[in-house]
Amino acid sequence: MRKVFLTVLVVLLGVFGWAQGDKLKACWIYVGPVGDYGWSHAHDQGRIAAAKALPWLETQYVESVPEAQAEAYMDRLVKQGCQVIFATSFGYMDSVLAAAKKHPNVIFAHATGFKRAPNVATYMADFYQLYYLNGLMAGALTKSNKVGYVGAFPIPELKRHISAFALGVRAVNPDAKVLVRWIYEWYNPAAAKEATEALIADGADVFAFTEDSPTVIQVAAEKGLPSFSHYSPMQRFAPDYVVSGQLVHWDKIYIDFLSKVYAGVYTPKNLQNVDYWWLLPQGAVELGGKFGEPINPKFIPVLKAKVVDHPVFGKISVYDLVMKELALMKDDELAFDPFQGPVKDRHGKLRVPAGLRMTKQQLESMEWAAPGVAGPWPNEPK
Amino acid sequence: MRRLGPFVIEKDLVAPPARVLAVSTLALLLAFAAAGVIFWAYGVSPWLAYKTIVAETLFSKSGFAEAVRRAIPLLLAGVGLVLAFRGQFWNIGAEGQLLLGAVAASGVALFVHAPAAVELPLMFAAGFLAGGLWAALPAVLKLRLGVNDVLTTLMLNYVAAYLVGWLIHGPWRGKSAFGFAYSDRFPAGATLPLVPGTYVHWPTLLLALLAALLVWLALERTPWGYRVRVIGDNPEAARYAHIPLFGVVFAAALVSGGLAGLAGVGEVAGVHHRLLDAYQISLGYGYTAIIVAWLARGNPLGAILTALFMGVIFASGDVMKLALQMPFRVTDVFNGLILFFLISSERLLYYRVRLAQSGEEE
C-alpha cells in the first residue's frame, strides 16, 4: 500500500509539476508501424496517454526501426534533444546498451530486455495472469474439449502465456487439451487464417492467439466459434464471439517512469536496478476484449451456468471463479498466482514445488509446457 | 520518325551517355515533384522537406555515413548482378545469396575459433563460397535443364530466409538470447572495425569498391569478360563461335552469388554481430541491388554511383521519419515514385530529338 501511495504522490507531483516551466522530452522507438494494431500500436497509445496526462512532457516517436538502425536512430534522437528514450523491442537490447554508454546523460528504458546500466532501466507489462483467466473461460466454453491456440514464435513469453492458459483450461475442464500451432511471424494474417482453419479441422472450438491482427477472431467468428482478443481491444471485430482477452496499459508504466524522472527520483546514474515487471496489481494489464469490460456480457449467462468443483472455493460458477481470482490477482499481496506450486509439466516432471511460485527470472526463461498443451514445442526441456 | 513543329523525333538504339544522364535526371526531377505533392498533402512543405533531406543526408557527417553504410551491401550485390545480367543469367536471388553469406560467416564466427587475423578472411571466404553455391544451383538447372532462372533464383530467396529462421530458432539459438531467436554474439575477433564516429564497416566498403573495379576489368579487359559479353549480347553467336556456354555462365553466376554473399558477411560481421531474423539482416538489400544493377546499365563502375544513390534514398527515409515526423510508408512511396519514373523513362532513351532540316517530311 505504501508503494502505491508513493507512486500516486510522485505522479501527482509530476502532474502538477513543482519545477514548472521545464519541459521533458521523451522519445519512443518502435519496431513496427504504429498502425499495426498490436505491439507498437499499444506502445504508441501509451505515449499519447502519457503526453495528455503530463503537461510538461514533449514526445516524439519513430516507427518501423530495423534493429540494425536502432543505434544510429538513438544518436539522432539524442541530437534532437530527447532526454528519455524508450526502446520497445527486445532486439534493440545491445543497441540500447551501446547508445547509453555513448550518451551517459540520457535516460534509456528498454521494454522486455534484461540488461540494465546506470542509465538504462527495463520494463515489461505481462499477461500471464490474464491468460490463466482466459483459460478458465475457454475451458468452460469448449464442447469438443479442444481449445485452439495460434502462436507467433515458440519463445519463453508465449510458452509462459500458453502454459498459464492451459492451466486455466484444465482447472475447470481436466479433460480438455490446448492444440498449439506456430506461425513464426508476429504479424501475418494469411498464416493466422490458415492456422485457425487447420485447428478448426482438428476439432478446436474455442480460440486464443498471439498475433498482431484480429484474424483468428474473424475466422473463428465466421464459423460461429468464440475466441479471446489479444493485446488490443479487438472485441469490436466480432462483438458476438469475443469472450474476453488481454489488454495492456503501457501508459501506466510511462507515466510512472516519466514522473519519477521529472521529479528527480530517477537520474541517469541510478537505474541499474530499476526493472518494471508490472502485472494486474499495478493496472498495467486489464482483462477483456474491450476496455472497461472484463467479460463480454453475451457470455456471462453461459459462464454462470457452468459450475465446477474447485479445491479452494468448492462449488462455484466459472464466472464467479474468474471474478474471484481476478480480484485476488489484482491485490498487491498477490494472493493467487497461476503458477502456484505444485505444478508439473506435460511429461509429469515437477516444475514448481508445492508452496512455491515461479520467480520473475524463471517466468522469463520458461521453456516447459503445462499439462494439456498439445503440439510441437521447440526447445522443450527433457 | 515524327515531325513535331521544328523538331524531328527519331529512333536511335545507341543511347549516348549524355542522353542517359539527361533522361535519368529528368525522371528523377519528375519523381521529386510528384513526391513533393505528397509531402504537401501530408502538411510538410516540399521545399523544407527537400532542404532537410539534402542537408541531413549529403551535408551531415552522420547522415552521409548512414547512406554509405546502406550502399555497401547494395554495391557488392549490385556489382554481382551487373555481371550476371551481362551474361544473361537473370539472378533475382541476391537476397538469398546474401543471407547464405551471412549464414556461412556466422557459422565460422560461432564455431571456428581461429586467430583474429585468419578469422575474418575465413568468414569472407566462407560467405563468398556459400553465396556462390546458392547461385550456382539455379545456374546448373538453367544451363543443363533449361529451368527458368528468374523463378529458381527468386524461390531460393525464401528457402534461404527459412534456413536462417530454422538456424536461429533451432540449433544456433544463442544461450544468451533468453529464448529469443538470435544466435550468440560473435566474439570480438569476428567483428569488423568501424570508421570512428560512424557505423561504416570500412573493410567491406573497400572490398565492395575493389569488387566493382575487378569486375569491370574482368568484363572489359579479359577474354573471359569478352565471352560473357558475347553470350549476353547474342547467345546464338556465342554458340556458333564455340564459346563454352556452361563454363562461362556458371562462373559468372558463381561470382555474382559470391559477391552477394560477401554483402551478407559484411552485414552480420559489421552491423549485427550475430545471426538474426532474415528480414532484419538484409532489409531487402538483395532486391534493391537489382535496381542498382539496372540503373548502372551494365557498368560495374557505374554501380558505385547507383549504389550510393540508393543508399542516400534509404537514408532519406530516416530523415523523413525522424526530422519530418512522417509515417514510415512515405519512404516506400518515395522510393516507388523514383523507380516508377526511372522505368517509365526507359523508352525515351532510344529516341533522339533534333532540329528538322528544310524539306524533311513527316
Side-chain angles (χ1 to χ4, degrees), chain A residues 27 29-36 40 59-80 82 89-95 98-99 102 112-115 152-160 182 184-187 361 363-367 376 378-379, chain B residues 56 60-63 65-67 69-70 73 161-162 165-166 168-171 173 175-182 185 194 197-201 267-268 270-274 276-285 314-315 317-332:
Chain A
C27 303
I29 294 188
Y30 304 134
V31 70
V34 293
D36 69 354
S40 296
T59 71
Q60 188 185 344
Y61 73 87
V62 213
E63 60 179 347
S64 295
V65 175
E67 286 167 20
Q69 258 74 38
E71 201 179 332
Y73 270 86
M74 285 184 257
D75 288 346
R76 289 200 185 197
L77 288 174
V78 170
K79 225 196 251 170
Q80 291 183 15
C82 300
S89 175
F90 177 82
Y92 295 153
M93 186 154 68
D94 293 318
S95 309
K102 228 182 309 171
T112 73
F114 56 87
K115 285 186 191 165
F153 286 100
I155 58 172
E157 183 186 338
L158 271 84
K159 291 179 174 177
R160 167 172 85 237
W182 305 105
Y184 291 91
E185 204 99 57
W186 289 114
Y187 177 83
Q361 194 185 347
L363 286 169
E364 276 185 331
S365 53
M366 178 172 165
E367 295 279 9
N379 301 301
Chain B
E56 296 272 318
S60 127
K61 189 186 161 220
S62 61
E66 280 301 284
R69 177 157 75 114
R70 264 68 165 259
Y162 284 124
W166 175 71
I168 57 175
H169 280 283
R173 195 172 70 151
K175 288 183 184 62
S176 62
F178 243 70
F180 284 88
Y182 297 89
R185 259 181 96 81
L194 304 178
T198 72
Y199 299 102
V200 176
H201 37 111
E267 289 307 292
V268 288
V271 179
H272 303 283
H273 304 153
R274 54 163 39 116
L276 70 172
D277 189 75
Y279 301 101
Q280 296 284 348
I281 295 177
S282 111
L283 305 176
Y285 290 137
F314 263 98
D318 300 352
V319 179
M320 285 188 271
K321 281 199 290 190
L322 266 170
L324 303 170
Q325 287 284 289
M326 287 198 250
F328 83 108
R329 287 286 180 212
V330 82
T331 324
D332 297 342

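Atoms considered below: every heavy atom in the structure, side chains included; atoms not considered: hydrogens, waters and symmetry mates. The chains referred to below are lettered A, B, ... by the order of the sequence lines, with proteins before strands, and numbering in each begins at 1.
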- Item | Neighbour count >12 (heavy atoms, 6.0 Å) for atom OH, A/Tyr184 |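 For A/Tyr184, atom OH is crowded (more than 12 foreign heavy atoms under 6.0 Å).
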Structural part of [X] lying under 4.5 Å from a heavy atom of chain A:
{"X": "B/Val319", "answer": "both"}
{"X": "B/Glu56", "answer": "both"}
{"X": "B/Leu276", "answer": "side chain"}
{"X": "B/Leu322", "answer": "both"}
{"X": "B/Ala65", "answer": "neither"}

- Query: Which atoms of A/Gln80 come close to chain B, meaning under 4.5 Å heavy atom to heavy atom: side chain ones, backbone ones, both, or neither?
  - Reply: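 Only the side chain of A/Gln80 comes within 4.5 Å of chain B.
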- Tell me, side chain or backbone of A/Lys159 under 4.5 Å from chain B's heavy atoms, or both, or neither?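 It is neither, since no heavy atom gets under 4.5 Å.
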Say you draw a straight line from [atom1] of [X] to [atom2] of [Y]; how long is it, rounded to the nearest 0.5 Å?
{"X": "A/Asp75", "Y": "B/Thr198", "atom1": "CG", "atom2": "OG1", "answer": "10.5 Å"}
{"X": "A/Trp186", "Y": "B/Asp277", "atom1": "CH2", "atom2": "CG", "answer": "11.0 Å"}
{"X": "A/Gln60", "Y": "B/Lys321", "atom1": "CD", "atom2": "NZ", "answer": "12.0 Å"}
{"X": "B/Ser60", "Y": "A/Lys79", "atom1": "OG", "atom2": "NZ", "answer": "5.0 Å"}

- Message: At a heavy-atom distance under 4.5 Å, which candidate from B/His273, B/Arg329, B/His272 has the highest pair count against chain A?
- Response: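 Among the listed options, the one with the most contacts to chain A is B/His272.
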- Item | Salt-bridge criterion met for B/Arg173 and A/Glu367 (N-O under 4.0 Å) |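 Yes.
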- Applying side-chain hydrogen bond (donor to acceptor under 3.5 Å, both in side chains), name anything that partners A/Arg160, two or more places apart in sequence or on another chain.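 Residues passing side-chain hydrogen bond (donor to acceptor under 3.5 Å, both in side chains) with A/Arg160: A/Asp126.
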- Message: Please find the pair of heavy atoms, one from A/Tyr61 and one from B/Gln325, that lie closest to each other, and give the distance.
- Response: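 In terms of heavy atoms, the two residues are closest at O-NE2, 3.1 Å.
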- Item | CA sep, side-chain torsions, deciding dist, call: A/Asn379, B/His169, side chain to side chain contact (heavy atoms under 4.5 Å, CB included) | CA-CA 9 Å; A/Asn379 301 301; B/His169 280 283; 5.9 Å; no
- Task: Between chain B and each of A/Pro33, A/Pro378, A/Ser95, A/Gly35, count heavy-atom pairs under 4.5 Å; write down the option with the most.
- Result: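 Ranked by contacts with chain B, first place is A/Pro33.
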- Is the backbone N or O of B/Gln280 less than 3.5 Å from a side-chain atom of A/Glu67, with the two atoms forming a donor-acceptor pair by type?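 A pair under 3.5 Å: no.
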- For the pair A/Asp94 and B/Tyr182, evaluate side chain to side chain donor-acceptor pair (under 3.5 Å) and give the outcome as yes or no after the intermediate values. CA-CA 12 Å; A/Asp94 293 318; B/Tyr182 297 89; over 6 Å; no
